[in-house]
K.L.:
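Quick one: the structure is below, and I'll ask about it shortly.
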Amino acid sequence: IPFQRQEKHLFICWNADGQPILAAGGSSGVISIWNLEKQKLQAVIKDAHDSTICAMHFFQNEPVLLTAGADNALKVSSSLMYCYIDKFYV
């Protein structure tokens, strides 16, 4: 996946299962998933949030990434399919 634009990443999160995966979230609400072993951008979740991503957490022993955004939403994403599964507003 080619990287098409520069974005200020405000939050990064390592995969808790020991896989060489890093998630980075930025001011546009996009999540970038990086494979550190291959040193490549593996996936981009464009519809992650409507505004800045404020927090991210990989759950240990689960293929789940939880993110929080300035849009007052918590989103649960599959780290296997790299798409969001559900959205909750706080």
Side-chain angles (χ1 to χ4, degrees):
I1 298 171
F3 192 72
Q4 297 183 359
R5 65 179 171 159
Q6 296 289 330
E7 180 179 5
K8 182 178 179 183
H9 287 103
L10 304 174
F11 205 90
I12 61 170
C13 181
W14 302 97
N15 186 309
D17 289 335
Q19 297 177 17
I21 301 296
L22 174 108
S27 56
S28 67
V30 173
I31 297 173
S32 302
I33 307 291
W34 294 88
N35 184 315
L36 301 176
E37 190 173 85
K38 296 178 181 178
Q39 299 181 359
K40 290 187 178 183
L41 183 62
Q42 186 164 317
V44 176
I45 305 173
K46 293 182 181 180
D47 57 353
H49 284 274
D50 294 333
S51 62
T52 302
I53 294 173
C54 302
M56 304 172 82
H57 178 76
F58 275 110
F59 285 89
Q60 192 166 8
N61 300 321
E62 298 290 334
V64 174
L65 173 66
L66 176 69
T67 60
D71 55 0
N72 291 326
L74 295 172
K75 291 199 176 178
V76 179
S77 301
S78 165
S79 60
L80 297 175
M81 297 180 293
Y82 301 111
C83 61
Y84 84 86
I85 300 169
D86 214 342
K87 175 176 25 177
F88 309 93
Y89 285 99
V90 290

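Only this structure's heavy atoms are used, side chains among them; waters, hydrogens and symmetry mates stay out.
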K.L.:
Could you tell me the separation between the CD atom of Gln19 and the CG atom of Leu36, rounded to the nearest 0.5 Å?
P.N.:
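Reported value, rounded in 0.5 Å steps: 11.5 Å.
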K.L.:
Just verifying a value: how many Å separate Ile53 CD1 and Ser28 OG, rounded to the nearest 0.5 Å?
P.N.:
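The CD1 atom of Ile53 sits 7.0 Å away from the OG atom of Ser28.
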K.L.:
For residues Leu74 and Ala68, report the shortest heavy-atom separation together with the two atoms involved.
P.N.:
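Distance-wise, the nearest heavy atoms are CD2-CB, 3.6 Å.
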K.L.:
Do you know the tightest heavy-atom contact between His57 and Cys13?
P.N.:
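In terms of heavy atoms, the two residues are closest at CA-SG, 3.7 Å.
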K.L.:
Is there a donor-acceptor pair closer than 3.5 Å between any side-chain N or O of Asp71 and the backbone N or O of Asp50?
P.N.:
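Yes; at least one donor-acceptor contact below 3.5 Å.
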K.L.:
Any chance you could measure Phe11, atom CZ, to Thr67, atom OG1, to the nearest 0.5 Å?
P.N.:
10.5 Å
K.L.:
With a 4.5 Å cut-off on side-chain heavy atoms, are Phe58 and Ile21 touching?
P.N.:
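Result yes, sub-4.5 Å side-chain heavy-atom pair found.
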K.L.:
Report yes or no: does Asn15 contribute a side-chain atom to a donor-acceptor pair with the main-chain N or O of Asp17 at less than 3.5 Å?
P.N.:
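Side chain of Asn15 to backbone of Asp17: a pair is present.
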K.L.:
State, to 0.1 Å, how close Gly69 and Cys54 come at their nearest heavy-atom pair, and which atoms those are.
P.N.:
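For Gly69 versus Cys54, the nearest heavy atoms are C-SG, 3.9 Å.
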K.L.:
Between Met56 and Ala23, what is the shortest heavy-atom contact and its length?
P.N.:
CE-CB, 3.4 Å
K.L.:
How many angstroms lie between atom CD1 of Ile45 and atom CD1 of Ile31, to the nearest 0.5 angstrom?
P.N.:
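Going from the CD1 atom of Ile45 to the CD1 atom of Ile31 covers 4.5 Å.
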